[in-house]
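Below is one structure, written out as structure tokens; comments come after it.
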There are 2 protein chains.
Amino acid sequence: MTGPTPRPPRRRDSAATRAALLDAARLRFSRQGFDGTGVREIAGDAGVDAALVFRYFGSKEKLYAEAVRVTAPESAEADPHRPLARLADELLHDVVYGDWRQFDGEHPVLGMLRSSGRPAVRDQLRTQLCEGYLRDFADRLDGEDAELRAELMGALLLGMGVLRSVVGSPALSEAPFDRTRTLVARMVHGLSVADPAPAPDSGPESGSGS
Amino acid sequence: MTGPTPRPPRRRDSAATRAALLDAARLRFSRQGFDGTGVREIAGDAGVDAALVFRYFGSKEKLYAEAVRVTAPESAEADPHRPLARLADELLHDVVYGDWRQFDGEHPVLGMLRSSGRPAVRDQLRTQLCEGYLRDFADRLDGEDAELRAELMGALLLGMGVLRSVVGSPALSEAPFDRTRTLVARMVHGLSVADPAPAPDSGPESGSGS
DNA sequence: AGGGTAAGTCACCGAACGCTGACCGGCACG
DNA sequence: CGTGCCGGTCAGCGTTCGGTGACTTACCCT
């Protein structure tokens, strides 16, 4: 239970060692957050001495930044003309229900939430989310509220990820994917149509924070 | 910049000191997470010695558990018969856009995300979310997917909170409340109606995680 | 006024933290 | 065969951590 790899006595290979450190860091940082993870722990998982972390990455912070940097949202850019509903469906499949075993089973953004007390992590998180995902959403919508609607769709997917992997809420964790998919499509549909549902009658007094 | 209170030499009063420690702990734990906050820091904010933390609360963990425990979701239980759209609207106003100055401006659940690497925090988080909020949603819905739909609505609100306060995404942070409210109502509406939008045509191959 | 008690402080423990520089040893090359 | 280099280890720096127990001090009651 101490390390993920049963440690074959690896040959001398700086590239492989660097990669092993990154793999271990991804798992640990995702699971336990930045502050909850020590460099000795990561190095132990990788089967090397902790000093190598500083030789290869300079500092714990730089190791973190490199470990959680996500490659690219290679989806969402193939065909710039497919409808929003289709985009949401693909992202649901690839992002929320994707294979993120490298990051302990959840999208790295969810792991970053666990370290979002650090300003540097918040910046990286905002950049990856806004420029990596939300902008593609907004480009695909028209109307003056395009960005707001894009962020609402992102909020739904993000919240689903949190409920599923962090909270482990029962229904979302166990429901068949196709059923969830249909319901998500219905919600996203509400962002596309013109005016299906007016504002709820006489809600809480609007426009004032208590 | 060291402490929030300019420290009038408070009189000896165990109840007031306990409360001051709890207030400081709420702010610090919400902002920086459990691991990113030291007991000396909290005690310094409250203007007392760190040893009092252990006298009054026993351990840092117990202080945390008591600090982030939310009183009660006193909304969502007044009238058990109002429709889902109305409930969602109220929660949007009270939870996402509520006054959580005590917790550094965000619902305590969002702060708990920042410490969700600790199993104890995850448990508390799951309990508060599932039993405090999601169950009320599900009770108000009918159909076999009541719980799943309830969690999807919760996911939307939760994701909005994350985007707004953690990520600070531009549109959600600045959009007028009434506009956001209308769009959320549309999305939630999709969870109530019978069959407005079928599943998107030929999405990614369903039922298989790669 | 005097004493008991509780509120608060102080000094300190062992462990873990991020990080550094000196050192060691296997491998490739002349 | 010798030697330089580089991947890796080791010991340890200074600091901070959560937590403990003895001590001091202010307040209340008689």
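Each chain gets a letter, A, B and so on, in the order the sequences are listed, and its residues count up from 1. When reading the values below, keep in mind they use all heavy atoms of this one structure, side chains included, and skip hydrogens, waters and symmetry mates.
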Note: [X]-[Y] ion pair, threshold 4.0 Å (strictly below):
X: A:E61; Y: A:R118; value: yes
X: A:R179; Y: A:E174; value: no
X: B:E66; Y: B:R18; value: yes
X: A:R114; Y: A:E106; value: yes

Spacing of A:F57 atom CZ relative to C:dT20 atom C1', expressed in whole Å: 18 Å
B:D49 CG - D:dC23 P separation (whole Å): 17 Å
Row check, B:Y97 ring normal vs B:R164 NZ/CZ: under 6.0 Å, within 45°: yes
Side-chain heavy atoms of A:L134 within contact of B:S169, under 4.5 Å: yes
Close side-chain approach of B:Y64 to B:R69, heavy-atom, < 4.5 Å: no
Provide a list of protein-nucleic acid N or O atom pairs under 3.5 angstrom, restricted to nucleotides 13-19 of chain D.
{"unit_1": "D:dG18", "atom_1": "OP1", "unit_2": "B:T37", "atom_2": "O", "d": "3.3"}
{"unit_1": "D:dG18", "atom_1": "OP1", "unit_2": "B:K60", "atom_2": "NZ", "d": "2.6"}
{"unit_1": "D:dG18", "atom_1": "OP2", "unit_2": "B:V39", "atom_2": "N", "d": "3.1"}
{"unit_1": "D:dG18", "atom_1": "N7", "unit_2": "B:R40", "atom_2": "NH1", "d": "3.0"}
{"unit_1": "D:dG18", "atom_1": "O6", "unit_2": "B:R40", "atom_2": "NH2", "d": "3.0"}
{"unit_1": "D:dG19", "atom_1": "OP2", "unit_2": "B:K60", "atom_2": "N", "d": "2.8"}
{"unit_1": "D:dG19", "atom_1": "O6", "unit_2": "B:R40", "atom_2": "NH2", "d": "3.4"}

Ring geometry between A:H107 and A:Y133 (parallel below 30°, tilted from 30 to 60°, perpendicular above 60°): perpendicular
Protein-nucleotides 5-7 of chain D N/O pairs closer than 3.5 Å?
{"unit_1": "D:dG7", "atom_1": "N2", "unit_2": "A:R12", "atom_2": "NH2", "d": "2.9"}
{"unit_1": "D:dG7", "atom_1": "N3", "unit_2": "A:R12", "atom_2": "NH1", "d": "3.4"}
{"unit_1": "D:dG7", "atom_1": "N3", "unit_2": "A:R12", "atom_2": "NH2", "d": "3.3"}

